[in-house]
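Here's the structure we're looking at; comments come further down.
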Amino acid sequence: MNTTPTDNLNSAQKEAVSHGKGPMLVLAGAGSGKTKIITERIAHLVGTENIAPRNILAVTFTNKAANEMKGRINGLIGNLTRSLWIGTFHSVCLRILKREITNLEGFGRDFTIYDDGDQIKLIKQCMAELDISDRTLTPRSIRSKIDGAKNKGLGPEDFKADAYEETVSKVYDLYEKELRKANALDFSDLLHITVRLFNEKPDVLKRYQTLFQYILVDEYQDTNPVQYKIVELLSKKHKNLFVVGDDNQSIYGWRGADITNILDFEKDFPDTRIIKLERNYRSTKTILEASNKLISNNKHRHEKDLWSENVQGDPISYYLARNEKDEAKYVGAQIQLEAAKEEFTYKSIAIFYRTNTQSRQIEEELLYRSIPYRIVGGIGFYQRAEVKDVLAYLRVIANSQDEMSLRRIINVPARGIGKGTIERLEKIAAKNGVLLFDALGLSARDNTIPKGTAVKLERFYKLITGLISFSENNGIGELIDRVLQKTGYLDILEKEPERRENVGELFNIAAEFEKEGSKEDNPERDESGTTELNEFLDRVSLASDLDTYNDKTDQVALMTLHSAKGLEFPVTFIIGIEENLLPHFNSIREGEIEEERRLLYVGLTRAKEKIYLTSSSRRLVFGKEENPTPSRFLLEIPEEFITAQVHQGDFNRASGSRAKKSNLPSKAPVQQSSSNGKSYKAGQQIEHKKFGLGTIRNVEGSGDSAKVTVHFARYGTKKIIASYLEKK
DNA sequence: GGGGCTAAGCTTTTT
DNA sequence: GCTTAGCCCC
């Protein structure tokens with residue numbers, strides 16, 4: 001424990017790790033040892049400065065990062081790690097709220113956490129109740145308004161500028177009331193209510209200010225205003241705030257992240273020391289130089305240039321595919337080539353894309369070639385209907401106020417309680433001033449309910465209350481078993497093996513959780529007085545598919561560029577480098593090109609040795625054929641770092657997806673034959689003095705006088721005489 | 001009340 | 001092209 005682990009650090013890293021008191025901003029470029037800095041610093045604080053682990057708070061961006069960090073720190077300081085506060089903003093706030101939320105009026109301790117889906121459903125319900133059927137106001141758009149407001153600490157009363165805002169305000173207001181009634185918090189509430197707690201209860205704030213002597217924040221560039229507020233409040237007493245980030249990797253602006261948090265850090269926190277980590281240990285020189293050039297097109301950033309002493313490495317490969325199928329084929333073929341090499345295995349390879357839908361074609365191809373793969377993120381395990389159903393039962397058992405979950409399961413499996421009956425139940429609840437769940441118990445004595453239906457309701461009510469008492473004396477695994485049997489859900493699963501497997505997996509997760517909980521005495525549960533079931537549901541609510549990703553099994557990893565942040569792979573593919581996809585259509589429209597550029601930057605800098613980029617000349621968007629052009633970002637990567645290969649062949653013929661080698665920046669394809677060595681074919685990359693790089697769509701005639709239809713990345717489609725074109 | 005069909009909307013990214 | 005929500009018929 002007393003080992004000084006600074007031997008393997010460079011001087012800038014050492015300076016950061018052993019920084020004393022006061023605020024510090026570490027601008028850590030990609031691959032510069034960011035995680036290492038934080039883990040070593042925590043070990044340093046505990047081991048050398050003798051700070052008690054419980055007085056250290058470390059905030060990460062994902063649960064996975066938190067777990068990884070715990071693992072690494074554990075290797076340095078052993079089981080002292082257990083009492084550190086490490087987690088995402090959401091999980092740390094949850095932990096605080098579990099202990100303290102009862103200090104706020106109207107909040108109960110065993111609250112349920114509503115995820116995105118629950119949120120949308122509740123908003124819809126509120127809109128229906130308020131009779132809002134405006135086409136321009138979708139539940140989604142209202143959700144983003146509400147989330148945005150909570151991220152900035154605004155309430156319903158802050159929307160009154162115009163009629164539109166008035167409507168948002170009404171929905172927001174009712175939505176909040178419904179949440180309180182259900183004893184539920186949404187994702188944003190976890191942060192928002194924590195700030196409210198700190199503002200309204202100074203003594204509570206003071207306790208945590210005193211507790212957290214040292215605060216460390218990873219991925220600081222992606223913090224939003226509430227998160228900033230939390231950090232600001234908590235660090236006010238000791239002022240030992242240590243943040244690490246890279247403004248070039250800020251990619252969560254759409255979720256309210258404010259890049260000025262990192263750009264203005266030294267203004268916000270006086271006497272800040274700044275350290276730049278610019279030496280990259282991950283990538284080849286080629287990859288770094290290409291990435292540097294790309295990102296230098298952004299205006300809003302700290303000046304920072306990564307350098308490396310690694311080898312120059314291979315050029316980046318670019319392939320222009322004929323269509324998505326061809327793109328996938330190319331990726332599959334290259335993976336087989338790479339994986340055949342001695343130095344690489346499947347797990348050293350990753351495929352990144354901008355949108356989740358892009359994984360489909362790739363999946364098909366990998367299946368066809370029997371290449372093992374794993375999709376990280378996307379429609380996750382916890383999103384599956386059967387998993388949500390079982391969890392909804394558990395949630396109702398843990399918190400019978402949770403109306404959203406009750407509505408979900410009241411007729412699953414079908415037990416004759418339909419829409420009409422639920423409406424009558426609502427009336428009973430309103431009339432008696434009780435919750436929907438309690439109305440179930442009153443239904444037998446209510447004359448608005450037909451006798452037969454009342455029996456069904458009574459039976460369901462008894463079922464749940466029976467399960468509630470069962471849960472008091474039994475573990476979660478047993479409870480899940482019991483739920484499946486007593487509710488008849490097992491019969492649904494009988495016929496669907498895939499669903500059965502998923503529920504089985506949930507059972508395993510519960511068993512694992514119980515084992516973990518019993519292994520160590522659990523101080524947290526005692527302090528907050530929560531139950532094991534509640535704790536399990538909390539954990540599950542914050543869990544994401546990304547967390548379970550590990551690189552132990554030999555599989556190719558598929559994920560979005562967003563999910564790729566923080567990871568590294570020897571070989572990476574980034575597909576769909578096209579206008580309207582990367583940069584994405586919506587971002588172009590909203591003028592958020594810089595964030596899109598950072599997204600590609602994140603993707604490029606994940607690679608250690610080899611990068612493959614692809615774009616396609618055809619793509620199905622919403623089931624319609626589009627002819628995308630290569631991304632403008634491609635032109636920002638200097639030609640010297642790229643070897644391009646363009647699919648050659650008839651665009652209209654389905655077969656024969658042969659590809660010929662060519663050099664995008666320099667040489668003409670060898671195979672071409674023409675009087676002057678200049679013949680053109682659809683699909684080819686060319687360059688025009690004024691319009692820049694483009695792709696040939698169509699050729700009429702031959703030789704220099706041919707009329708060529710070209711699609712340019714920046715100027716759209718033009719018809720041009722061949723002699724004005726340069727073959728690339 | 002339940003099940004099956006059609007139409008509309010959808011996809012940016014996630015704690 | 002795929003999924004969900006709402007409608008209609010049994």
Side-chain angles (χ1 to χ4, degrees), chain A residues 59-66 87-94 113-117 119-121 124 128 135 138-140 143-144 147 150-151 185-192 219 222-224 226-227 250-257 324 352-361 376-380 382-383 385 410-424 450 452-453 456 538 540-547 559-566 576 580-590 592 595-596 598-600 602-603 619-626:
Chain A
V59 187
T60 59
F61 195 70
T62 62
N63 294 309
K64 176 181 154 45
T88 60
F89 273 103
H90 291 82
S91 69
V92 167
C93 286
L94 172 65
I113 301 168
Y114 278 2
D115 68 12
D116 286 19
Q119 218 184 339
I120 290 285
K121 271 193 190 163
K124 264 189 200 161
R135 279 280 160 80
T138 63
R140 283 175 141 275
R143 195 234 338 237
S144 94
D147 273 349
K150 288 185 177 180
N151 281 341
L185 299 190
D186 64 25
F187 265 131
S188 317
D189 275 341
L190 293 175
L191 312 183
H192 175 238
E219 309 279 13
D222 283 319
T223 49
N224 65 27
V226 217
Q227 293 169 336
S250 166
I251 54 175
Y252 283 89
W254 54 275
R255 210 170 77 186
E324 307 109 304
F352 305 144
Y353 34 82
R354 176 68 235 263
T355 63
N356 277 307
T357 43
Q358 288 171 263
S359 66
R360 196 186 215 95
Q361 294 281 340
V376 182
I379 313 109
Y382 294 103
Q383 254 47 268
I410 197 163
N411 203 28
V412 178
R415 48 174 75 89
I417 307 177
K419 221 170 106 189
T421 307
I422 293 173
E423 268 168 31
R424 281 183 205 122
T453 310
K456 290 173 187 163
D538 289 344
V540 162
S541 303
L542 294 185
S544 79
D545 194 46
L546 193 62
D547 305 333
M559 67 188 86
T560 63
L561 285 161
H562 282 89
S563 300
K565 194 171 71 163
N580 291 332
L581 202 48
L582 186 68
H584 191 274
F585 173 72
N586 290 337
S587 304
I588 297 175
R589 203 183 47 189
E590 284 157 32
E592 283 153 2
E595 182 152 313
E596 297 291 305
R598 290 194 290 268
L599 205 43
L600 179 57
V602 166
R619 190 175 293 282
L620 233 45
V621 182
F622 284 141
K624 259 180 38 200
E625 283 254 312
E626 302 275 345

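In what follows, every heavy atom counts, from backbone to side chain, and hydrogens, waters and symmetry copies are set aside. A note on names: the letters A, B, ... follow the listed sequences, proteins ahead of strands, and every chain is numbered from 1.
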Worksheet item: Does OP1 or OP2 of B/dT15 have a side-chain N or O of A/Ser91 closer than 4.0 Å?
Response: no
Worksheet item: So, is A/Ser563 near the phosphate of B/dT14, with a side-chain N or O under 4.0 Å from OP1 or OP2?
Response: yes
Item to complete: Under 4.0 Å between any heavy atoms, over every strand shown, what does A/Lys456 touch: base, sugar-phosphate, or nothing? Just pick one.
Response: nothing
Practice prompt. Assign A/Thr88 to base, sugar-phosphate, or nothing according to its heavy-atom contacts below 4.0 angstrom with the strands shown.
Written response: sugar-phosphate
Item to complete: Look at all strands and tell whether A/Ser188 reaches a base, only sugar-phosphate, or nothing, counting heavy atoms closer than 4.0 Å.
Response: nothing
Worksheet item: What is the nucleic acid contact for A/Arg360, judged by heavy atoms within less than 4.0 Å: base, sugar-phosphate only, or nothing?
Response: sugar-phosphate
Discussion item. Between A/Asn356 and B/dT14, is there a contact of a side-chain N or O with OP1 or OP2 at under 4.0 Å?
Written reply: yes
Discussion item. Using ring centroids (six-membered ring only for Trp), state whether A/His562 and A/Trp254 fall under 6.0 Å.
Written reply: yes
Worksheet item: Do we see a donor-acceptor contact under 3.5 Å between the side chains of A/Glu626 and A/Asn580?
Response: no
Worksheet item: Does A/Lys124 have a side-chain nitrogen or oxygen under 4.0 Å from the phosphate oxygens OP1 or OP2 of C/dA5?
Response: yes
Worksheet item: Looking across every strand, which nucleic acid part, if any, lies under 4.0 Å from A/Phe89 by heavy atom: base, sugar-phosphate, or nothing?
Response: nothing
Response to the item:
Regarding the side chain of A/Asn586, the nearest nucleotide among B/dT14, B/dG1, B/dT12 is B/dT12
Worksheet item: Is A/Phe187 stacked on the base of B/dT15, with ring centres under 5.5 Å apart and planes under 30° apart?
Response: yes
Practice prompt. Look at the side chain of A/Asn63 and the backbone N and O of A/Leu542, then say whether any donor-acceptor pair between them is shorter than 3.5 Å.
Written response: yes
Worksheet item: Which is true for A/Arg140 with a 4.0 Å heavy-atom rule: it touches a base, it touches only sugar-phosphate, or it touches nothing?
Response: sugar-phosphate
Worksheet item: Charged N to carboxylate O below 4.0 Å: is that the case for A/Arg354 and A/Glu596?
Response: yes
Worksheet entry | Whole-angstrom distance between B/dT12 and C/dA5, as gauged at atom C1' | 23 Å
Worksheet item: So which nucleotide from B/dT14, B/dG2, B/dT13 ends up closest to the side chain of A/Arg255?
Response: B/dT14
Worksheet item: Base, sugar-phosphate, or nothing for A/Gly418, non-hydrogen atoms under 4.0 angstrom?
Response: sugar-phosphate
Worksheet item: Which listed nucleotide (B/dT12, B/dG2, B/dT14) is nearest to the side chain of A/Ala414?
Response: B/dG2
Discussion item. Looking at B/dT12 and A/His584: do their rings stack (centroid distance under 5.5 Å, interplanar angle under 30°)?
Written reply: yes
Item to complete: For A/Asn63, report the nucleic acid contact type (base, sugar-phosphate, nothing); a contact means any heavy atom under 4.0 Å.
Response: nothing
Worksheet entry | Among B/dT12, B/dT15, B/dT11, the nucleotide that comes nearest once only the side chain of A/Arg354 is considered | B/dT12
Fill in: Base B/dT12 paired with A/Trp254 side chain (donor-acceptor, <3.5 Å)
no
Discussion item. Regarding A/Phe585, tell me which of base, sugar-phosphate or nothing describes its non-hydrogen contacts under 4.0 Å with the strands shown.
Written reply: nothing
Item to complete: Output yes when A/Arg255 and A/Asp222 qualify as a salt bridge under the 4.0 Å nitrogen-oxygen rule, no when they do not.
Response: no
Practice prompt. Assign A/Asp115 to base, sugar-phosphate, or nothing according to its heavy-atom contacts below 4.0 angstrom with the strands shown.
Written response: nothing
Practice prompt. Look at all strands and tell whether A/Leu620 reaches a base, only sugar-phosphate, or nothing, counting heavy atoms closer than 4.0 Å.
Written response: sugar-phosphate
